[in-house]
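Structure, as structure tokens:
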4 protein chains.
Amino acid sequence: MRTKNKTEGQATTSFIEQARRAQIIACVIDTIAELGYEQASLAQVGQRAKISKGVITYHFASKEVLMQAVVDEVFGQFAAFVTARVPDDQPWDMLRAFLQANADFLKTHRKQLLALFAISRNAHDLTLQGYSPELDIERIAALLTEGQRQGTFRDFDARIMATSILALRDSLIAQSAKQADLDIDHYIHEIISLIDHAIRQSS
Amino acid sequence: MRTKNKTEGQATTSFIEQARRAQIIACVIDTIAELGYEQASLAQVGQRAKISKGVITYHFASKEVLMQAVVDEVFGQFAAFVTARVPDDQPWDMLRAFLQANADFLKTHRKQLLALFAISRNAHDLTLQGYSPELDIERIAALLTEGQRQGTFRDFDARIMATSILALRDSLIAQSAKQADLDIDHYIHEIISLIDHAIRQSS
Amino acid sequence: MRTKNKTEGQATTSFIEQARRAQIIACVIDTIAELGYEQASLAQVGQRAKISKGVITYHFASKEVLMQAVVDEVFGQFAAFVTARVPDDQPWDMLRAFLQANADFLKTHRKQLLALFAISRNAHDLTLQGYSPELDIERIAALLTEGQRQGTFRDFDARIMATSILALRDSLIAQSAKQADLDIDHYIHEIISLIDHAIRQSS
Amino acid sequence: MRTKNKTEGQATTSFIEQARRAQIIACVIDTIAELGYEQASLAQVGQRAKISKGVITYHFASKEVLMQAVVDEVFGQFAAFVTARVPDDQPWDMLRAFLQANADFLKTHRKQLLALFAISRNAHDLTLQGYSPELDIERIAALLTEGQRQGTFRDFDARIMATSILALRDSLIAQSAKQADLDIDHYIHEIISLIDHAIRQSS
DNA sequence: GATGAATGAGATTTCATTCAT
DNA sequence: TATGAATGAAATCTCATTCAT
């Protein structure tokens with residue numbers, strides 16, 4: 001089986017292999033977006049991909065490995081996109097850029113984010129290497145602490161505030177899941193304003 | 001079968017019946033808290049209650065009915081507790097009391113709230129009579145609008161703010177799920193402060 | 001348990017006992033007529049009788065025994081009714097009277113006959129003491145043979161003809177099951193005419 | 001899953017697939033013939049086929065689909081056989097040929113017919129596409145009416161007579177079920193004679 | 001006599017996974 | 001590489017039956 005040999009250091013991943021993996025991952029995303037995590041069985045995924053269930057098991061050692069691959073793929077894109085949009089700037093500008101980048105990614109990658117969140121919610125035991133909300137929290141908290149040091153932000157518990165900011169970001173994604181035609185720009189504008197008022201040092 | 005006769009309006013539910021139902025509901029809560037919603041099969045619940053699977057089916061016509069009963073039970077307690085703690089007062093005082101009441105309930109009913117949220121997340125098709133996040137959103141939004149009318153709160157989209165406030169409340173519960181020894185009082189104090197700054201009219 | 005003691009020769013079957021048994025048997029008949037044999041579970045029967053399942057098991061040692069009791073009851077009435085209507089007369093007159101009596105009983109005991117046939121079709125292993133199509137076949141065959149001896153009936157295989165006559169009787173009952181407003185008198189008239197032509201010696 | 005892809009119009013059903021389906025259908029027929037419809041569980045069928053229950057579900061989406069497949073298979077053969085034996089001739093010749101063809105098929109396909117009748121009796125909710133006793137009744141009734149028009153047959157209710165003829169055919173099958181060594185040729189000869197006398201215009 | 005409660009076997013179905021080709 | 005085929009565990013639900021009160 002391919003996925004087992006890979007660990008033996010065979011560097012050359014064939015083109016077909018990569019294409020199949022990408023196709024399967026895309027179908028997992030579609031299936032979760034349409035049916036939800038619980039209904040996303042390998043049979044359903046295979047049906048959408050018009051391939052047999054066996055192919056999936058061939059390319060991914062187990063369902064857990066497959067879900068991990070989806071998380072890696074989506075979170076990789078997500079993180080790269082957001083990182084590219086956050087300049088090395090003043091804390092508040094970086095934070096605002098971070099939030100706006102999240103919203104912009106959501107506009108073009110709604111299905112992917114829904115899948116990412118669905119998997120991370122349901123697959124408790126999944127190690128979910130790479131995708132760790134914890135990391136985000138620490139980065140945001142560092143920004144907040146820096147802003148406090150500069151006197152731009154008021155006094156608060158930076159970790160809780162970071163967690164809260166991410167919770168608000170998540171709630172935007174959750175709302176988008178429920179309501180396909182949500183006005184994302186308006187929503188993120190309100191959230192940025194909310195956070196702005198919540199953290200800035202009142203003069 | 002008990003659950004079928006009940007619809008005939010037999011008001012007297014026997015003591016044993018009530019005890020068993022309560023026991024089973026408690027075991028569902030424990031099981032979800034320990035294993036998550038997906039792993040909470042009737043077999044697992046029965047094992048925890050040290051009863052056979054059949055007993056559960058005897059007292060609850062189906063798994064859906066059982067989950068609804070758990071929701072009814074927990075949400076009933078939750079709503080009653082919170083309602084009792086929210087005085088008919090100024091918008092901000094009511095909002096603060098609402099948030100504090102949520103935190104206080106969480107302190108004594110952590111498992112119950114985890115189960116409530118897990119069920120409402122996963123059981124899409126469940127009608128979930130009674131428990132509707134939408135209702136909460138509308139009540140909070142009404143409070144916010146009233147505060148804006150009085151000039152106490154600044155200008156913002158009341159529905160988005162309400163959704164955000166509940167998202168922050170939910171994030172406290174989610175954090176509590178991850179970290180059993182979370183300092184809830186500190187957390188809710190920070191969230192209340194966050195919201196206070198986010199909505200009040202700056203003089 | 002009552003039903004076990006009965007074999008010990010306790011002649012006095014209490015009034016309550018008899019009433020309960022009759023009530024339960026009536027409910028079995030109703031349930032089979034409404035839902036069919038397969039759906040006629042003890043729970044369904046109990047629900048119709050507004051008694052608990054336990055009562056049924058109390059009065060009838062097993063489901064098989066219960067079904068036997070229904071068969072005994074219905075077939076007893078059926079046989080008594082038909083026997084009373086068949087005079088000791090010429091073969092053809094007796095045969096015609098037999099068929100008409102069957103139709104007359106069907107008119108007033110449709111549900112009972114449906115239940116009787118449903119049980120005898122489905123309960124293969126049931127011994128069905130008392131109710132034996134075989135007996136009917138022999139009686140009819142004897143009539144036919146007598147008619148042949150007298151020269152009234154033509155030459156045919158009396159057993160097959162008897163079986164066929166009963167099959168036609170049964171098909172009337174089956175039609176009545178499918179079509180509640182069947183014109184039974186017209187139907188039996190046609191069948192009697194059919195049989196008349198089929199068996200009589202053409203002059 | 002095979003049975004789901006089939007709807008996509010994949011005309012090529014693999015050899016193994018066909019063989020398995022045929023094997024399973026044959027085992028259903030055997031099981032019903034031996035144990036009756038009610039006892040014919042998937043477990044019993046699988047046991048006879050020496051395959052696991054899962055294999056059945058793999059090839060047939062549900063038990064209902066499986067039973068429909070059995071009906072299609074058996075009724076298809078049955079209808080084709082009978083149709084081929086009924087020439088376009090005078091009503092009485094056609095009717096006689098129809099009855100004889102039924103008997104001939106029964107001689108070589110006893111188990112199959114028992115299964116067909118058992119399924120159609122018990123599976124009420126099954127749509128049972130294709131196999132409709134009603135259709136047979138209408139065809140026979142049309143023959144009878146034509147014979148009446150020609151003056152070959154006497155005056156009678158054609159629908160009731162058609163129903164009766166089919167009831168006699170069914171009673172032959174039922175007798176064959178009870179008595180494995182039944183002399184089918186003798187039986188059908190008697191039934192044909194019976195019907196002949198019952199319907200022909202006496203000169 | 002009566003009943004609520006409990007049980008456990010068995011039915012259908014879904015699904016991740018394995019395997020031979 | 002790919003796939004159809006098979007498997008078996010587990011899940012929900014039904015039901016006849018047993019039992020303590």
Side-chain angles (χ1 to χ4, degrees), chain A residues 1-2 14 16-17 19-20 38-46 51-66, chain B residues 1-2 5 10 12-17 19-21 38-46 51-66, chain C residues 1-2 5 14 16-17 19-20 38-46 51-66, chain D residues 1-2 5 10 12-17 19-20 38-46 51-66:
Chain A
M1 200 186 299
R2 189 69 195 85
S14 83
I16 290 183
E17 166 91 8
R20 265 278 188 257
E38 291 195 79
Q39 301 301 319
S41 68
L42 295 191
Q44 281 290 343
V45 172
I51 55 177
S52 88
K53 266 186 303 180
V55 186
I56 301 173
T57 312
Y58 177 75
H59 289 282
F60 300 93
S62 71
K63 196 183 186 184
E64 193 172 330
V65 166
L66 171 59
Chain B
M1 197 189 301
R2 190 69 196 82
N5 292 341
Q10 225 177 342
T12 43
T13 314
S14 83
F15 174 70
I16 290 183
E17 166 90 8
R20 265 278 184 259
R21 286 176 64 95
E38 289 196 85
Q39 301 301 319
S41 68
L42 297 190
Q44 280 290 343
V45 172
I51 55 177
S52 88
K53 276 179 298 180
V55 183
I56 301 174
T57 308
Y58 175 74
H59 291 281
F60 299 93
S62 71
K63 195 183 185 183
E64 192 172 331
V65 166
L66 172 58
Chain C
M1 199 185 296
R2 190 70 195 84
N5 292 341
S14 82
I16 289 182
E17 166 91 8
R20 267 278 187 253
E38 290 196 79
Q39 302 301 320
S41 67
L42 296 191
Q44 281 290 342
V45 173
I51 55 176
S52 88
K53 266 187 303 181
V55 186
I56 301 172
T57 312
Y58 178 76
H59 290 282
F60 300 92
S62 71
K63 196 183 185 183
E64 194 172 332
V65 167
L66 171 59
Chain D
M1 199 189 298
R2 189 70 197 84
N5 292 342
Q10 225 177 343
T12 43
T13 314
S14 82
F15 173 71
I16 290 183
E17 166 90 8
R20 265 279 185 256
E38 290 196 83
Q39 301 301 319
S41 67
L42 297 190
Q44 280 290 342
V45 173
I51 55 177
S52 89
K53 274 179 299 178
V55 183
I56 302 174
T57 309
Y58 175 74
H59 291 281
F60 300 94
S62 72
K63 195 183 185 183
E64 193 172 331
V65 166
L66 172 59

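Below, read A as the first sequence line, B as the second, and so on, with proteins coming before strands; counting in each chain starts at 1.
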Interatomic distance, Leu42(D) CG vs dT12(E) P [rounded to whole Å]: 4 Å
Ignoring backbone atoms, test whether His59(D) places a side-chain nitrogen or oxygen under 4.0 Å from the OP1 or OP2 oxygen of dG4(F). no
Report yes if a side-chain nitrogen or oxygen of Ser41(D) is closer than 4.0 Å to either non-bridging phosphate oxygen (OP1 or OP2) of dA11(E); otherwise report no. yes
Closer than 4.0 Å, any side-chain N/O of Ser14(D) to the OP1 or OP2 of dA5(F)? yes
Atom NZ of Lys53(D) and atom C1' of dA5(F) are separated, to the nearest Å, by 18 Å
Has Tyr58(A) got a side-chain N or O lying under 4.0 Å from the OP1 or OP2 atom of dA2(F)? no
Looking at Ser52(C), does any N or O in its side chain come under 4.0 Å of the phosphate oxygens OP1/OP2 on dG4(E)? yes
Want to settle it: does Val55(D) or Gly54(C) sit nearer the 5' end of DNA chain F, counting the closest nucleotide to each? Val55(D)
Whole-Å distance, Glu64(D) CD to dT12(E) P, equals 12 Å
Rounded to whole Å, please give me the gap between NZ in Lys63(D) and C1' in dC13(F). 15 Å
In whole angstroms, the gap separating P of dG8(E) from CD1 of Ile56(B) amounts to 13 Å
Does Arg20(D) put a side-chain nitrogen or oxygen below 4.0 Å from OP1 or OP2 of dA6(F)? yes
